[in-house]
Undergrad: 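Dropping the structure in here first, questions after.
Both ligands and their constituent atoms are indexed starting at 1 by order of listing.
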Amino acid sequence: MATQRMLQFVTKSKEMPTKRAADDRREDFDEIYREYAAEKAAEQASRCSQCGVPYCQTHCPLHNNIPDWLKLTAEGRLQEAYEMSQATNTFPEICGRICPQDRLCEGNCVIEQAGHGTVTIGAVEKYITDSAWEQGWVLPVTPMQERPESVGIIGAGPGGLAAADHLRRAGVQVTVYDRYDRAGGLLTYGIPGFKLEKPVVMRRIEQLEQSGVQFVLNCTVGEDISFDAIRGKHDAVLIATGVYKSRDLEAPGSDLPGIVKAIDYLTTSNRQGFGDDVPEYDSGALNAEGKRVVVIGGGDTAMDCVRTAVRQGAVSVKLLYRRDRENMPGSQREVQNAEEEGVDFVWLTAPAGFTGDTAVDGVLVQKMRLGVPDASGRRAPELIEGADYVEPAELVIKALGFEPEALPTLWNTPELAVTRWGTIRCDHTTHMSSLPGVFAVGDIVRGASLVVWAIRDGRDAAEAMLDYLAQPASLAAE
Ligand code: FAD
Ligand code: SF4
Ligand code: SF4
């Protein structure tokens, strides 16, 4: 009987939750998708064909038990679905919102491959845990017994928080240090509310506090406290500091006022959304209102900038990218959302310089064409001589990617081994760095990556740290 509820993809077509109209969503920073009604979530979950070898699960970095929680949802057994979903994912409702599902679970769903339209795995995952919060099923951690060992975590992004949750479940004493005034890392200050509303992040942090995790905020390791002091305070340390050094653009006029970094722009916008006092927003320095805006870059950060500028009331928003639509790294779903909201994508263009006397008033744009594939396999952009023009702009946002900060230098710890890209070198199974008892996870190990990978790393590193803490002290010090 139960299996008859499944395999409904033949008669039921794929339906995402309702997307708000573009004119409506341009007016605020609320999420653009509404929640499924219970019947619709069950119906969409019932489209799953319960594959014996579920490729969706294989391609989920957390190896979520997707077919099983889809089946439980289709059967209306939502609390069991939630229990199963949270067993492998620390923040299912966050991944359900912001994972690039088209590249991960949903992109590999056999129903999608067979041309029926994927099972809407992300939307169902979000629905299950949002419902669990509403029902009061998501509870703070209460460890069976407290342990004396303590772990210091540097960085309160998803990598650090996933590890904190896992370690608290085992009763370990956990302190998380972060240089910002709020925890959450890029979930809080990078990703805009229209993809991930902030109360969704804040309720998780409150619950970690209720679970006994200590947060030390406004504390920059290397300035307010030394890395050595943190090592001295704790039995093991986890570095989860992310990557924050913005790649820059060397071009004539690139230091003119009005040319800003994406991370500064997005952080300011998110702070404004929290109701903070933000002078850079009020002064207009990091505010697109009434301006012609040009964003440079083709990744997801660029996409978040253009859509933020639309919501701030920009007169026009253009994105310059040196390749074409098919060859851009950003998600196609996000491109479509941005286009609906009025963003103009100017493909095959690159900035050659900036015009203006006391502040930027234009971007000197070069036109490109695609040549033969380069080492990455993508067709390399080539300049079209003599086709330059000036694009007027009062705000230019550089979204060219991120690199790691030089932690060994900043923390006066030359023995912390890094790769030639500056990411921390660590054992890929245990996540232990070159320093005994010091582990590392997330973007500071992988380079700019995804939330779901940071969660996976945090979970795996916490397991390895528990093994490390269980060793006799003499072995652990080796
Ligand atoms: P972070 O989230 O960066 O957290 C690191 C924390 O460490 C920060 O809070 C920082 O303040 C703190 N810190 C750093 N140095 C110090 C120090 N010296 N002392 C104390 N604290 C310190 N991924 C997705 O999966 N989906 C998306 O839609 C998506 N959108 C994105 C949009 C933007 C604009 C950006 C920039 C990234 C996006 N990502 C997205 C990527 C994702 O946010 C990251 O991969 C993820 O947050 C990495 O987690 P983390 O824990 O390693 O680091
Ligand atoms: Fe898909 Fe991400 Fe959820 Fe995994 S965590 S099932 S990849 S949405
Ligand atoms: Fe269901 Fe698709 Fe996963 Fe198969 S691949 S188990 S159909 S969600």
Side-chain angles (χ1 to χ4, degrees), residues 6-7 9 45 47-64 66-68 70-71 85 88-89 91-92 94-101 103-106 108-114 116 118-126 154-163 176-180 182-192 195-196 216-217 219-225 227 239-244 262-263 266 299-305 331 334 399 402 405 407 410-411 441-446 448-458:
M6 305 306 288
L7 298 151
F9 64 92
R47 295 181 66 244
C48 170
S49 76
Q50 298 287 287
C51 304
V53 181
Y55 288 119
C56 55
Q57 181 168 7
T58 317
H59 287 86
C60 165
L62 295 164
H63 300 314
N64 281 342
I66 299 165
D68 284 2
L70 286 172
K71 182 162 177 280
S85 162
T88 51
N89 190 350
F91 307 125
I94 294 179
C95 292
R97 284 170 164 85
I98 60 168
C99 270
Q101 285 103 8
R103 284 188 263 147
L104 301 171
C105 52
E106 294 181 9
N108 291 281
C109 169
V110 293
I111 308 269
E112 168 80 1
Q113 308 282 337
H116 292 278
T118 179
V119 178
T120 52
I121 300 168
V124 175
E125 189 178 27
K126 165 180 178 284
I154 309 172
L161 295 183
V176 182
Y177 302 84
D178 201 287
R179 63 182 166 198
Y180 285 143
R182 290 184 180 89
L186 290 171
L187 300 177
T188 298
Y189 283 134
I191 299 171
K195 278 166 55 181
L196 175 63
V216 182
L217 301 176
C219 176
T220 302
V221 175
E223 288 177 20
D224 300 308
I225 183 170
F227 179 62
I239 303 174
T241 49
V243 287
Y244 282 87
I263 192 71
L266 293 172
D300 288 330
T301 302
M303 224 64 64
D304 288 348
C305 289
S331 141
E334 296 297 294
F402 300 97
E405 292 158 294
L407 292 187
L410 290 172
W411 290 356
V441 294
D443 282 4
I444 192 60
V445 176
R446 296 176 178 272
S449 178
L450 293 174
V451 168
V452 66
W453 280 113
I455 296 172
R456 162 76 188 270
D457 285 357

Undergrad: Would you indicate which of S449, G190, G442, A448 comes nearest to atom 39 (N) of ligand 1 when only heavy atoms are counted?
TA: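 The nearest heavy atom belongs to S449.
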Undergrad: If you have a sec, work out which protein heavy atom is nearest atom 22 (C) of ligand 1 and how many Å separate them, to one decimal?
TA: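 Nearest neighbour among protein heavy atoms for atom 22 (C) of ligand 1, to 0.1 Å: R179 CG, 3.9 Å.
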Undergrad: Keeping the roles fixed (side chain from Q50, backbone from P67), state whether a donor-acceptor pair exists under 3.5 Å.
TA: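 Side chain of Q50 to backbone of P67, a donor-acceptor pair under 3.5 Å: yes, one is there.
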Undergrad: Mind running side-chain contact (heavy atoms from CB on, under 4.5 Å) on V451 and C99 for me, showing each step along the way?
TA: CA-CA 7 Å; V451 168; C99 270; over 6 Å; no
Undergrad: Report, in ascending order of atom number, the atoms of ligand 1 lying under 4.0 Å from any heavy atom of G242.
TA: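 Near G242, meaning under 4.0 Å from one of its heavy atoms, ligand 1 has 3 (O), 5 (C), 53 (O).
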Undergrad: I want to check something: taking the side chain as every heavy atom from C-beta on, are Y180 and T188 in contact at a cut-off of under 4.5 Å?
TA: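 In short, these two side chains do not touch, never coming nearer than 4.5 Å.
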Undergrad: Identify which of N64, L62, I455, L104 has a heavy atom lying nearest to atom 7 (S) of ligand 2.
TA: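 Heavy atom nearest to atom 7 (S) of ligand 2 belongs to L104.
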Undergrad: Any idea how many protein N, O or S atoms are nearer than 2.8 Å to atom 1 (Fe) of ligand 3?
TA: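 N, O or S atoms of the protein closer than 2.8 Å: 1.
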Undergrad: So, does C219 sit close enough to ligand 1 that a heavy atom of it is under 4.0 Å from the ligand?
TA: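 Contact check C219 vs ligand 1: positive.
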Undergrad: To the nearest 0.1 Å, how far is atom 32 (C) of ligand 1 from its closest protein heavy atom, and which atom is that?
TA: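 The protein heavy atom lying closest is D304 OD2, 3.0 Å.
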Undergrad: Rounded to the nearest 0.5 Å, how far does CG of D224 lie from CZ of R179?
TA: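 Here the interatomic distance stands at 11.0 Å.
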Undergrad: Backbone, side chain, both or neither: what part of A454 comes under 4.0 angstrom of ligand 1, heavy atoms only?
TA: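 It is the side chain that touches ligand 1; the backbone stays farther off.
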Undergrad: Can you pull out the closest protein heavy atom to atom 3 (O) of ligand 1? Residue, atom name and distance to 0.1 Å, please.
TA: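 For atom 3 (O) of ligand 1, the nearest protein heavy atom is Y244 OH, 2.7 Å.
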Undergrad: Is T301 close to I263 at the side-chain level, that is, under 4.5 Å between some pair of heavy atoms?
TA: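 In short, these two side chains do not touch, never coming nearer than 4.5 Å.
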Undergrad: Could you give the distance from OG (S85) to NZ (K126), rounded to the nearest 0.5 Å?
TA: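 These two atoms lie 13.5 Å from each other.
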Undergrad: Does the N or O separation between G159 and ligand 1 drop below 3.5 Å for any pair?
TA: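 In this structure, G159 places an N or O atom under 3.5 Å from an N or O of ligand 1.
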Undergrad: May I ask you to test the I66-C105 pair for a side-chain heavy-atom distance under 4.5 Å?
TA: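 Side chain of I66 against side chain of C105, heavy atoms only: contact under 4.5 Å found.
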Undergrad: Who's the nearest protein heavy-atom neighbour of atom 42 (C) of ligand 1, and how far?
TA: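 In this structure, atom 42 (C) of ligand 1 has V451 CG2, 3.7 Å as its nearest protein heavy atom.
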Undergrad: Quick one: does ligand 1 sit under 4.0 Å from the side chain of Y189, the backbone, both or neither, non-hydrogen atoms only?
TA: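 Within the 4.0 Å criterion, Y189 makes no contact with ligand 1.
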Undergrad: Given I98, L410, T220, I94, which one has a non-hydrogen atom that is nearest to atom 26 (N) of ligand 1?
TA: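 Looking at heavy atoms only, I98 sits closest to atom 26 (N) of ligand 1.
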Undergrad: Of all the non-hydrogen atoms in the protein, which one sits nearest to atom 4 (O) of ligand 1, and at what distance?
TA: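 For atom 4 (O) of ligand 1, the nearest protein heavy atom is G157 CA, 3.4 Å.
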Undergrad: In the protein, what heavy atom is nearest to atom 38 (C) of ligand 1, and what distance, to one decimal place, separates them?
TA: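 For atom 38 (C) of ligand 1, the nearest protein heavy atom is I191 CG1, 4.1 Å.
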Undergrad: Any chance you could measure I111, atom CD1, to S49, atom OG, to the nearest 0.5 Å?
TA: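 Result: 4.0 Å between the selected atoms.
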Undergrad: Does the side chain of C95 reach to within under 4.5 Å of the side chain of I455, using non-hydrogen atoms?
TA: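 C95 vs I455: side chains touch.
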Undergrad: Are the side chain of W453 and the backbone of P61 linked by a donor-acceptor contact shorter than 3.5 Å?
TA: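 No, W453 side chain to P61 backbone: no donor-acceptor pair under 3.5 Å.
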Undergrad: Within the structure, is a non-hydrogen atom of W453 found at a distance of less than 4.0 Å from ligand 1?
TA: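 It does not; every heavy atom stays at 4.0 Å or beyond.
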Undergrad: Between the side chain of Q101 and the main-chain N/O of G96, is any donor-acceptor distance below 3.5 Å?
TA: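 Flag set: sc Q101 to bb G96 pair under 3.5 Å.
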Undergrad: Begin from the C-alpha positions of T58 and N108 and carry the test side-chain contact (heavy atoms from CB on, under 4.5 Å) through to its verdict.
TA: CA-CA 9 Å; T58 317; N108 291 281; over 6 Å; no
Undergrad: Counting only heavy atoms, which portion of L186 has something under 4.0 Å from ligand 1: side chain, backbone, both, or neither?
TA: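 Near ligand 1, L186 shows its backbone as well as its side chain.
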Undergrad: Among all protein non-hydrogen atoms, which one is nearest to atom 1 (Fe) of ligand 2, and what is the separation to 0.1 Å?
TA: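 Minimum-distance protein heavy atom for atom 1 (Fe) of ligand 2 reads C105 SG, 2.3 Å.
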Undergrad: So is T301 polar-close to ligand 1, meaning N/O to N/O under 3.5 Å?
TA: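 There is no such contact.
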Undergrad: Which atoms of ligand 2 sit under 4.0 Å from any heavy atom of Q101?
TA: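 So the atoms of ligand 2 that pass are 8 (S).
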Undergrad: Is the closest side-chain heavy-atom distance between T241 and Y177 below 4.5 Å?
TA: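 SC-SC contact between T241 and Y177 ruled out.
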Undergrad: Which heavy atom of R446 sits nearest a heavy atom of D457, and at what distance?
TA: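 For R446 and D457, the tightest heavy-atom pair comes out as NH2-OD1, 2.8 Å.
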Undergrad: Need the atom name: nearest N/O/S atom of E125 to atom 3 (Fe) of ligand 2.
TA: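 Result for E125 and atom 3 (Fe) of ligand 2: OE1.
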Undergrad: Side chain or backbone, does D443 bring an N or O within less than 3.5 Å of an N or O on ligand 1?
TA: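 Between D443 and ligand 1 (N or O atoms, distance only) the closest approach is under 3.5 Å.
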Undergrad: Could you tell me the residue and atom name of the protein heavy atom closest to atom 4 (Fe) of ligand 2, and the distance to it rounded to 0.1 Å?
TA: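 Closest protein heavy atom to atom 4 (Fe) of ligand 2: C60 SG, 2.4 Å.
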Undergrad: Check for a donor-acceptor pair, side chain of D178 on one end and backbone N or O of L217 on the other, with a separation under 3.5 Å.
TA: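 A pair under 3.5 Å: no.
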Undergrad: Using a strict 4.0 Å cut-off to heavy atoms of G155, name the atoms of ligand 1 that fall inside it.
TA: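 Result: 6 (C), 7 (O), 12 (C).
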Undergrad: If you take the nearest heavy atom of each of V176, I225, D178, which one is closest to atom 6 (C) of ligand 1?
TA: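 Heavy atom nearest to atom 6 (C) of ligand 1 belongs to D178.
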Undergrad: Please list the nearest protein heavy atom to atom 2 (Fe) of ligand 2 with its residue and the distance rounded to 0.1 Å.
TA: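 So the nearest neighbour among protein heavy atoms is C99 SG, 2.4 Å.
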Undergrad: Going by the atom numbers of ligand 1, which of them fall below 4.0 Å from some non-hydrogen atom of Y180?
TA: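 Listed by number with element, the hits are 9 (O), 11 (O).
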Undergrad: For ligand 2, which atoms have a heavy atom of V452 less than 4.0 angstrom away?
TA: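 Listed by number with element: 5 (S).
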Undergrad: So between C305, A240, P100, whose heavy atom ends up nearest atom 5 (C) of ligand 1?
TA: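 Selected option, by shortest heavy-atom distance: A240.
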Undergrad: Measure the spacing between SG of C60 and CG of N89 and express it to the nearest 0.5 Å.
TA: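 Interatomic distance, C60 SG to N89 CG, rounded to 0.5 Å: 7.0 Å.
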Undergrad: Using the six-membered ring wherever Trp is involved, compare the ring planes of H116 and F9 and label them parallel, tilted or perpendicular (cut-offs 30° and 60°).
TA: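 Perpendicular: the ring planes of H116 and F9 meet at over 60°.
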Undergrad: Could you identify the single nearest non-hydrogen protein atom to atom 16 (C) of ligand 1 and state the distance to 0.1 Å?
TA: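 Looking only at protein heavy atoms, the one closest to atom 16 (C) of ligand 1 is T241 CG2, 3.8 Å.
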Undergrad: Just by modelled atom types, is the I191 backbone N or O under 3.5 Å from a matching donor or acceptor in the D304 side chain?
TA: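 No, D304 side chain to I191 backbone: no donor-acceptor pair under 3.5 Å.
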Undergrad: Below 4.0 Å from ligand 1: does a non-hydrogen atom of G222 turn up there or not?
TA: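 Contact absent.
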Undergrad: List ligand 1 atoms under 4.0 Å from G185, heavy atoms only on the residue side.
TA: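 Those qualifying, in numeric order: 2 (O), 4 (O), 8 (C), 9 (O).
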Undergrad: I'd like to check whether L266 has a polar contact with ligand 1, where a contact means an N/O of the residue lying under 3.5 Å from an N/O of the ligand.
TA: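 Such a contact does not occur with ligand 1.
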Undergrad: Is any side-chain heavy atom of W411 closer than 4.5 Å to one of I154?
TA: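 Side-chain contact under 4.5 Å: yes.
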Undergrad: Partners of P100 by side-chain contact (heavy atoms from CB on, under 4.5 Å), sequence neighbours excluded?
TA: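 Counting only residues at least two positions away or on another chain, P100 forms a side-chain contact (heavy atoms from CB on, under 4.5 Å) with D102, R103, L104, L450.
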Undergrad: Give the atom numbers and elements of ligand 1 that come within less than 4.0 Å of a heavy atom of L450.
TA: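 It comes down to these atoms of ligand 1: 23 (N), 24 (C), 25 (O), 45 (O).
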Undergrad: Under 4.0 Å from any heavy atom of F402, which atoms of ligand 1 are there?
TA: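 Close to F402: 36 (C).
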Undergrad: Below 3.5 Å, N or O to N or O, backbone or side chain included: is there any such pair between V221 and ligand 1?
TA: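 It does: an N or O of V221 is found under 3.5 Å from an N or O of ligand 1.
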Undergrad: Does any N or O of ligand 1 fall below 3.5 Å from an N or O anywhere on K195, backbone included?
TA: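 Yes, there is a polar N/O contact under 3.5 Å.
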Undergrad: Please determine if C99 has a nitrogen or oxygen closer than 3.5 Å to a nitrogen or oxygen of ligand 1.
TA: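 So ligand 1 has no N or O lying under 3.5 Å from an N or O of C99.
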Undergrad: Is there side-chain contact between L187 and I98, with at least one heavy-atom pair below 4.5 Å?
TA: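 Sidechains of I98 and L187: in contact.
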Undergrad: Please report the shortest heavy-atom distance between D443 and S449, naming the atom on each side.
TA: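 Closest approach of D443 to S449, heavy atoms only: OD1-N, 3.0 Å.
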